[in-house]
Amino acid sequence: MTTAQTQELDVQPTPLALLLLGREADPRSERGVECPGDLPSPSDPDLVERARAAKEKLGDKVFVLGHHYQRDEVIQFADVTGDSFKLARDAAARPEAEYIVFCGVHFMAESADILTSDDQKVVLPDLAAGCSMADMATAEQVAECWDVLTDAGIAEQVVPVSYMNSSADIKAFTGKHGGLICTSSNAKRALDWAFAQGEKVLFLPDQHLGRNTAVRDMGMSLDDCVVYNPHKPNGGLTAEQLRDAKMILWRGHCSVHGRFSLDSVNDVRERIPGVNVLVHPECKHEVVAAADYVGSTEYIIKALEAAPAGSKWAIGTELNLVRRLANRFAPEGKEIVFLDKTVCFCSTMNRIDLPHLVWALESLAEGNLVNRIEVDKETEAFAKLALERMLALP
């Protein structure tokens with residue numbers, strides 16, 4: 001259809017269409033789409049040297065954090081690598097660094113801002129590096145869910161537990177309502193704490209981590225879990241279903257880990273006899289049930305470090321990390337493959353590329369603060385409360 005025909009039909013692009021085209025921003029979403037300033041060309045052969053020079057010029061004023069899922073071209077400039085919570089704590093442990101450049105996604109940079117001092121400034125090289133899982137739970141939706149729980153007469157029995165992979169608003173909601181944050185490493189301890197405070201848990205925003213922890217690690221049944229869908233009236237649940245449930249799971253998921261299927265597990269076992277299947281707990285329950293080992297990103301790395309030479313592994317997590325581990329342990333005779341045949345990077349994590357990192361570092365070196373992530377004080381206070389409850393876990 002031509003532009004003239006579109007004008008004749010008076011067809012106007014929707015806000016969502018403009019957002020997807022990168023021509024508008026959604027202030028209600030955790031992600032932005034604007035990146036002021038001119039980025040260097042990705043084909044610039046001097047990018048590596050430019051990044052190194054800018055980082056050296058900044059010296060101790062800058063501390064670069066690199067999430068495990070970042071591409072190699074970025075991770076080479078990280079002062080520390082790790083998962084989201086480890087990196088936020090590493091940032092807080094470097095008070096002398098004026099700038100924290102977080103090579104990760106938006107919610108991670110928010111957590112770093114919450115845990116660091118007011119004098120430190122957290123920078124995200126590309127504001128469009130969001131997280132699809134975190135975006136699946138907005139503050140308005142969660143507030144509406146709490147109203148549904150209140151109408152069902154169970155809100156006082158419910159303790160919210162929010163995964164680290166959530167926006168600052170959701171972390172603040174959690175802290176304000178007596179809950180705490182968890183990671184994929186300490187989810188069971190967090191749920192143990194929550195059930196000592198109340199009879200039910202509202203688990204946000206990843207249904208799979210909540211279900212896998214409750215059923216696999218705590219001995220609950222699948223019938224103890226219900227899924228709250230924020231796009232349906234009352235979450236698509238009756239008051240009776242809510243009253244009968246122990247785990248009220250938010251209908252959210254990781255777009256990367258959600259791709260792995262039972263077919264993936266069966267196929268890799270057929271292709272590679274004797275393979276060990278190791279997956280992240282954000283995978284679907286049937287995948288976790290069929291795997292040999294299940295654990296967080298840090299657990300996966302440590303398991304492969306301890307694995308015997310000649311062992312074979314199929315890993316169900318983000319491809320950048322799997323490929324890096326395969327290269328790292330190949331000299332030891334460890335065969336490491338991606339669980340699925342389909343290549344699957346975290347698309348938003350991959351928005352932090354070398355041109356964006358160079359632009360951010362050079363801007364800071366020139367005295368220009370760009371892409372600062374700053375959480376307002378009220379949100380920060382309640383979010384920090386939820387994080388501190390997690391830190392106090394035995």
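Computed over heavy atoms, backbone and side chain alike; hydrogens, waters and symmetry mates excluded. Computed from a prediction, not measured in an experiment: that's the story for all the values here.
Under a 4.0 Å N-O distance rule, the pair D263/K341 does not qualify as a salt bridge. The existence of a salt bridge linking E362 and R50 is confirmed by a sub-4.0 Å separation between a basic side-chain nitrogen and an acidic carboxylate oxygen. With salt bridges taken as basic N to acidic carboxylate O contacts below 4.0 Å, none links D206 and R251. Salt-bridge formation is detected for the pair E305/R328: a Lys NZ or Arg NE/NH1/NH2 atom is positioned less than 4.0 Å from an Asp or Glu carboxylate oxygen. Under a 4.0 Å N-O distance rule, the pair R271/D267 qualifies as a salt bridge. By the 4.0 Å N-to-carboxylate-O rule, R71 lies too far from D353 to be salt-bridged with it. Salt bridge K188/D217: absent, no basic N to carboxylate O contact under 4.0 Å. Salt bridge annotation for D244-K200: absent, with no cationic side-chain nitrogen under 4.0 angstrom from a carboxylate oxygen. Taking 4.0 Å as the cut-off between side-chain N and carboxylate O, E374 and R372 count as a salt-bridged pair.
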Check against salt bridge (charged side-chain N to carboxylate O under 4.0 Å, His left out), D90 and R94: CA-CA 7 Å; D90 285 342; R94 290 289 294 264; over 6 Å; no

message: Apply side chain to side chain contact (heavy atoms under 4.5 Å, CB included) to residues L369 and V123 and explain how you reach the verdict.
response: CA-CA 8 Å; L369 177 60; V123 170; 3.8 Å; yes

- request: Please assess W313 against F329 for the test ring-ring contact (aromatic ring centres under 6.0 Å, His included), listing each intermediate value before the final yes or no.
  value: CA-CA 11 Å; W313 297 82; F329 293 114; 9.8 Å; no

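Residues F63 and V101 fail the side-chain proximity criterion, which asks for heavy atoms closer than 4.5 Å.
Of the possible donor and acceptor atoms, none in the side chain of K171 sits under 3.5 Å from a partner among the backbone N and O of K384. D44 places a side-chain N or O within donor-acceptor distance of the main-chain N or O of D46, the cut-off being under 3.5 Å.
For the residue pair S296 and H280, no side-chain donor N or O sits within less than 3.5 Å of a side-chain acceptor on the partner. Side-chain contact of S184 with Y299: a donor-acceptor pair under 3.5 Å is absent, judged by distance alone. Judged purely by distance below 3.5 Å, without hydrogens or angles, the side chains of S132 and D135 never pair a donor atom with an acceptor atom. Side-chain contact, T150 with D147: no donor N or O sits under 3.5 Å from an acceptor N or O.
Under a cut-off of 6.0 angstrom, the local environment of NZ in K312 is crowded, with over 12 non-hydrogen atoms contributed by other residues, nucleotides or ligands. Within 6.0 Å of the CD atom in E96, the count of heavy atoms belonging to other residues, nucleotides or ligands exceeds 12.
Going from atom CG of L47 over to atom CG of L354 covers 4.5 Å, rounded to the nearest 0.5 Å. N276 CG to I336 CD1: the interatomic distance, rounded to the nearest 0.5 Å, is 10.5 Å. Distance check: C225 SG to N212 CG gives 9.5 Å after rounding to the nearest 0.5 Å. From S166, atom OG reaches atom CD of E110 across 8.5 Å, with rounding to the nearest 0.5 Å. Between atom SG of residue C131 and atom CE of residue M164 there is a gap of 12.5 Å, rounded to the nearest 0.5 Å. Expressed to the nearest 0.5 Å, how far CG of L357 lies from CD of Q76 amounts to 9.0 Å.
E98 pairs by the salt bridge (charged side-chain N to carboxylate O under 4.0 Å, His left out) definition with K61, K121, not counting sequence neighbours.
When ring centroids are compared, F260 and F338 come within the 6.0 Å threshold.
The two residues A314 and V275 make their nearest non-hydrogen contact at N-CG2, 3.5 Å.
Cluster membership check: L209 does not share its hydrophobic cluster with M136, using side-chain heavy-atom separations under 4.5 Å among Ile, Leu, Val, Met, Phe, Trp and Tyr.
I154 belongs to a hydrophobic cluster with V142, W146, V148, L149, V158, I170, F173, L202, L204, V226, Y228, L237, L242, I248, W250, counting contacts under 4.5 Å between side-chain heavy atoms of Ile, Leu, Val, Met, Phe, Trp and Tyr, direct or through other members.
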